Amino acid sequence: MSFAADDHRLMAQALQLAERGLWTTSPNPRVGCVLVKDGIVVGEGWHEKAGEPHAEVHALRAAGDQARGAIAYVTLEPCSHHGRTPPCAEALIAAGVSRVVAALRDPNPLVAGMGLARLQAAGIDTACGLLENEARELNIGFVSRMTRGRPWLRLKAAASLDGKTALNNGVSQWITGPEARRDGQRWRARACAVLTGIGTVRDDDPQLNVRDFATPRQPLRVVVDSRLETPLTARILRGGSVLIAGAIDDAAKNAALRAAGAEVLILPNAAGKVELVDLLAELGRRGINEVHAEAGFKLNGSLLREGLVDELLLYLAPCLLGHAASGLFNLPELTSLDGKTRLQIRDLRLIGADIRVLARPA
């Protein structure tokens, strides 16, 4: 289906509105809506928070009587089911819009084309697929959870140009500059959960919360800690919203961590480690759309080896740390280049003095 230049412009406007919910809509998708009548925008809105009105409802309220006969540009297929709010498809029908243009078909099995079908049955002209890739990227975690049953996992790391993340004595702060660290905070803020390992907790004692960036919510912090060795004085235990994923059901350690404010989840695999596939599936069941991993080379390597890394967010500083420093990933030795992990570079730019690389497994 072909779309006019005005269609592209107005859907791009709806996508910009949707981005305003980047840090607030979880577990719901980020959605924007623009209502146009006789070439004039008469209403616009975006989904701001789960449980509150969807983008279409905000736009319809803004338009009032002007919604009748208008064209609705919405970044995701209008919902057709009763959740915490009534179906948006019914609201558009009741308002008397003449046409609905959606960017992306809703991957939620409760909708999955039924929203558009309901509009068509009511005599409303519909179209789908305008700026579809952009809408999917904006909701990559929601799409992942709906289609794969697990969140989108973005692995963030900071390293020197020779791929080193810390000195041999453990010193790692700071390899990259303040601009890169602030940029990393923005990526952390958009995630629903931050994932790390017990090694990082012991060595760096991080809080892994969002700082230097205004956000209405903090992500869940998840620690992969097979033997439940997280120190009870660890800063990550402060402020609640911490999940410790272990592999041994030690009643005393479990009780102590719970008393310190953490939730403990035991997910062992045959090797006595945390079953990472099961952990991500559990996070998906909890409505987690995006996971932001900030871990050491062991957990980083495990996530890569098990095919759980969807995206790499790497900050490379203009310095060299030498062969004795710690690397990015604990991966097995290769005897042939045929076994190399191939990546597709999605974005490459300077952030301050550092290079930011956004890549995905090819």
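Residue indices begin at 1 and follow the sequence shown. The model shown is predicted, which means the values in this text are computed figures rather than measured ones. These values consider heavy atoms only, across backbone and side chains, with no hydrogens, waters or symmetry-generated copies.
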Kindly say whether [Y] contributes a backbone atom to a donor-acceptor pair with the side chain of [X] at under 3.5 angstrom?
{"X": "Ser336", "Y": "Gly339", "result": "no"}
{"X": "Arg136", "Y": "Val143", "result": "no"}
{"X": "Thr196", "Y": "Thr200", "result": "no"}
{"X": "Asp106", "Y": "Asn108", "result": "yes"}
{"X": "Thr75", "Y": "Gly32", "result": "yes"}
{"X": "Lys37", "Y": "Val42", "result": "no"}
{"X": "Ser98", "Y": "Ala70", "result": "yes"}
{"X": "Asp250", "Y": "Ala252", "result": "yes"}

Identified side chain to side chain contact (heavy atoms under 4.5 Å, CB included) counterpart of Pro151 within the set Leu195, Leu280, Asp310, Ile140: Leu280
Do the charged groups of [X] and [Y] touch, with an N to O distance under 4.0 Å?
{"X": "Glu290", "Y": "Arg30", "result": "yes"}
{"X": "Arg20", "Y": "Glu48", "result": "no"}
{"X": "Asp225", "Y": "Lys273", "result": "no"}

Before you tell me yes or no, could you show the steps for Arg258 and Glu263 under salt bridge (charged side-chain N to carboxylate O under 4.0 Å, His left out), namely the whole-Å CA-CA distance, both residues' side-chain angles and the distance that decides it to 0.1 Å? CA-CA 6 Å; Arg258 290 179 187 275; Glu263 179 185 357; over 6 Å; no
Does the pair Glu294 and Arg188 meet the rule for a salt bridge (charged side-chain N to carboxylate O under 4.0 Å, His left out), with working shown? CA-CA 9 Å; Glu294 294 192 32; Arg188 184 187 288 180; 3.0 Å; yes
Under a 3.5 Å cutoff, is there a donor and acceptor pairing between the side chains of [X] and [Y]?
{"X": "Thr176", "Y": "Asp354", "result": "no"}
{"X": "Asn289", "Y": "Arg145", "result": "yes"}
{"X": "Glu56", "Y": "His58", "result": "no"}

What side-chain donor-acceptor pairs closer than 3.5 Å can you find for residues 355-362, not counting sequence neighbours?
{"residue": "Arg356", "atom": "NH1", "partner": "Asp183", "partner atom": "OD1", "Å": "3.3"}
{"residue": "Arg356", "atom": "NH1", "partner": "Asp183", "partner atom": "OD2", "Å": "2.9"}
{"residue": "Arg356", "atom": "NH2", "partner": "Asp347", "partner atom": "OD2", "Å": "3.1"}
{"residue": "Arg360", "atom": "NE", "partner": "Glu311", "partner atom": "OE2", "Å": "2.9"}
{"residue": "Arg360", "atom": "NH1", "partner": "Glu137", "partner atom": "OE2", "Å": "3.1"}
{"residue": "Arg360", "atom": "NH2", "partner": "Glu137", "partner atom": "OE1", "Å": "2.6"}
{"residue": "Arg360", "atom": "NH2", "partner": "Glu311", "partner atom": "OE2", "Å": "3.0"}

For Thr126, check side-chain hydrogen bond (donor to acceptor under 3.5 Å, both in side chains) against everything at least two apart and list the hits. Gln120
Test side-chain hydrogen bond (donor to acceptor under 3.5 Å, both in side chains) applied to Glu77 - qualifying residues, sequence neighbours left out: none
For a quick test of reading the model, state the closest non-hydrogen atom pair linking [X] to [Y] and the distance between them.
{"X": "Leu116", "Y": "Cys128", "result": "CD1-CB, 3.9 Å"}
{"X": "Gly43", "Y": "Ala62", "result": "CA-CB, 4.0 Å"}
{"X": "Gly51", "Y": "Asn28", "result": "N-ND2, 4.2 Å"}

